[in-house]
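We name chains A, B, ... by the order of the sequence lines, and we start the count at 1 in each one.
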2 protein chains.
Amino acid sequence: MNTRERILRAAGECFAESGFDGASTRQIAERSGVNKALIHYHFKTKEELFFGVFDDYYRRLIGALVDSLELEGTFEQRFAALIDSYVAFLAANRDLGCVIQWEASGGKNIERVVAQMVPLFQRGIELIEERHPLTKEGDLAASQLLLSFYGMIVTYFVHTPLFERLLGIDPLSDDALQRRKTHLRRMLSITLQQLELRPPEPRAPSPSGTEEEPNR
Amino acid sequence: MNTRERILRAAGECFAESGFDGASTRQIAERSGVNKALIHYHFKTKEELFFGVFDDYYRRLIGALVDSLELEGTFEQRFAALIDSYVAFLAANRDLGCVIQWEASGGKNIERVVAQMVPLFQRGIELIEERHPLTKEGDLAASQLLLSFYGMIVTYFVHTPLFERLLGIDPLSDDALQRRKTHLRRMLSITLQQLELRPPEPRAPSPSGTEEEPNR
DNA sequence: CGAAGATTTAGGCGATCGGTTAAGGCGATC
DNA sequence: GATCGCCTTAACCGATCGCCTAAATCTTCG
């Protein structure tokens with residue numbers, strides 16, 4: 001492993017543990033076993049080092065997700081494959097998942113997260129609405145569903161240290177990961193099952209609002 | 001508002017934005033409009049200031065959740081009330097939600113998070129298993145369900161800056177919050193609906209495990 | 001009032017921060 | 001062997017960090 005990769009790897013760990021401000025270049029240098037000045041040689045500034053970690057992460061994440069999107073099968077099978085890919089990727093790159101969490105929650109590099117995530121999310125919303133027109137509005141709107149499954153997945157990995165003490169097991173063990181995947185597939189299954197039906201209990205007290213936009 | 005409270009409020013904002021290491025006492029002093037040395041007068045160290053923010057947060061959160069747990073009604077109504085309480089609390093205290101996120105993801109104060117969260121989660125698991133024996137194992141285990149709803153809720157608020165650009169609306173507006181609550185209630189409804197049935201597809205190859213404990 | 005205690009202030013401490021500098025190794029090319 | 005370009009090193013810079021000290025100000029009460 002060359003110097004640049006060793007720095008990137010150590011930087012990912014440090015940024016995940018302490019955030020951008022909290023991680024110091026000296027700490028990153030020490031963990032990667034290189035001289036401190038080498039960080040500023042390979043990456044001009046600490047910020048560009050962060051971008052290096054960040055872009056490398058999204059390059060690999062998007063690669064993994066796109067691969068799973070191209071699989072054949074029913075909608076549910078493809079969506080389940082997407083979930084599995086995300087889970088597998090985060091299980092192998094938890095540090096980087098934490099970095100995104102830091103930035104998405106209001107870091108100064110939020111625009112860089114947005115630029116990567118927005119196309120992914122909008123493609124997901126299109127896919128869902130295309131297959132299930134009921135998700136264009138209502139309490140199972142595609143955007144709400146995506147946010148929910150996104151939250152179910154990432155929280156499991158970001159909060160791993162908490163859940164480890166909570167459940168008394170290692171949430172990243174093969175066994176626990178398999179159970180989490182099975183649960184998520186089941187949640188997907190019962191959600192899609194609802195979308196095959198008309199809304200069962202139209203409690204919404206909006207008698208006039210019955211406008212419909214067929215395809216727009 | 002006295003000095004101590006102003007410091008606590010500003011500290012919560014700074015810790016949420018930059019993490020424990022990234023937030024500086026000078027920044028906190030400036031934002032709260034007090035002299036820098038006053039922070040070390042009212043709170044001996046930066047760490048104790050953090051604990052002050054942290055404990056104050058959990059004191060109020062647990063108070064809000066316990067209140068909702070004492071409401072009358074069906075299991076679904078009480079669970080929905082719990083979700084609503086959590087959503088309302090995070091909507092009003094997003095900063096502090098981010099602080100917990102930082103620590104739960106591996107901060108140095110993880111033990112303090114664990115001490116507060118474990119009793120809450122275990123009480124939740126007990127309540128679910130007591131009402132729905134099916135959740136004692138399988139792909140809708142109570143722990144998995146709690147983790148999922150926890151993730152659906154907290155991610156919405158921690159990732160608010162991301163979702164704001166994603167959806168083109170303010171996720172903390174009354175309208176958006178109401179829609180999120182409605183969605184979460186619907187997700188709860190269709191999940192509990194599954195628990196009223198025998199597992200529809202008993203793929204689990206455990207034919208012997210049919211023990212039942214009626215009330216215990 | 002005046003003593004006593006609580007609160008607030010300016011200023012400075014050593015340590016660490018991100019980043020720079022100038023001087024080496026070191027292999028490839030001529 | 002000399003030269004060049006890439007990589008690495010120790011030493012150092014000004015700025016900022018958490019924290020402390022001593023004096024000033026405010027509050028309380030006999």
May I have the distance from Arg26(A) (atom CZ) to dA15(C) (atom P), rounded to whole angstrom?
-> 14 Å
Protein-nucleotide distance (Lys46(B), atom NZ; dC19(D), atom P), rounded to Å | 8 Å
Rounded to whole angstroms, how far apart are CD on Glu30(B) and C1' on dC17(D)?
-> 15 Å
Determine, for Glu103(A) against Arg112(A), whether the closest basic-nitrogen to carboxylate-oxygen distance falls under 4.0 angstrom.
-> no
Between P of dC20(D) and CD of Glu48(B), the distance in whole Å | 11 Å
Whole-Å distance, Phe20(A) CZ to dC17(C) C1', equals 12 Å
Residue matched to dT29(C) through Watson-Crick or wobble contacts both under 3.5 angstrom = dA2(D)
Rounded off to whole Å, could you give me the NZ-to-P distance for the Lys44(B) and dC19(D) pair?
-> 10 Å
The reported gap from CG in Asp95(B) to CD in Glu17(B) (rounded to nearest 0.5 angstrom) is 7.0 Å
When the distance from CD1 of Ile7(B) to P of dT9(C) is rounded to whole Å, what number comes out?
-> 10 Å
Does CG belonging to Asn2(B) count more than 12 external heavy atoms closer than 6.0 Å?
-> yes
Ignoring the backbone of Lys36(B), work out which of dT8(D), dG11(C), dA10(C) is nearest its side chain.
-> dG11(C)
Nearest-nucleotide pick for Thr45(B), side chain only, options being dT9(C), dT8(C), dC19(D) | dC19(D)
Phosphate OP1/OP2 of dC20(D) contacted by His40(B) side-chain N/O (<4.0 Å) | no
Leu38(B) CG - dG11(C) C1' separation (whole Å) | 15 Å
Of the nucleotides dA10(D), dT8(D), dG18(D), which has the atom closest to the Asn35(A) side chain?
-> dA10(D)
By nearest-heavy-atom nucleotide on DNA chain D, the more 5' of Tyr41(A) and Ala37(A) is Tyr41(A)
Given the side-chain rings of Tyr150(A) and Phe121(A), with only the six-membered ring counted for Trp, is the space between their centroids under 6.0 Å?
-> yes
Phe89(B) vs Tyr57(B) aromatic rings, parallel, tilted or perpendicular, using cut-offs 30° and 60°?
-> tilted
Most 5' of Ser24(B) and Gly33(A) on DNA chain D, judged by nearest nucleotide | Gly33(A)
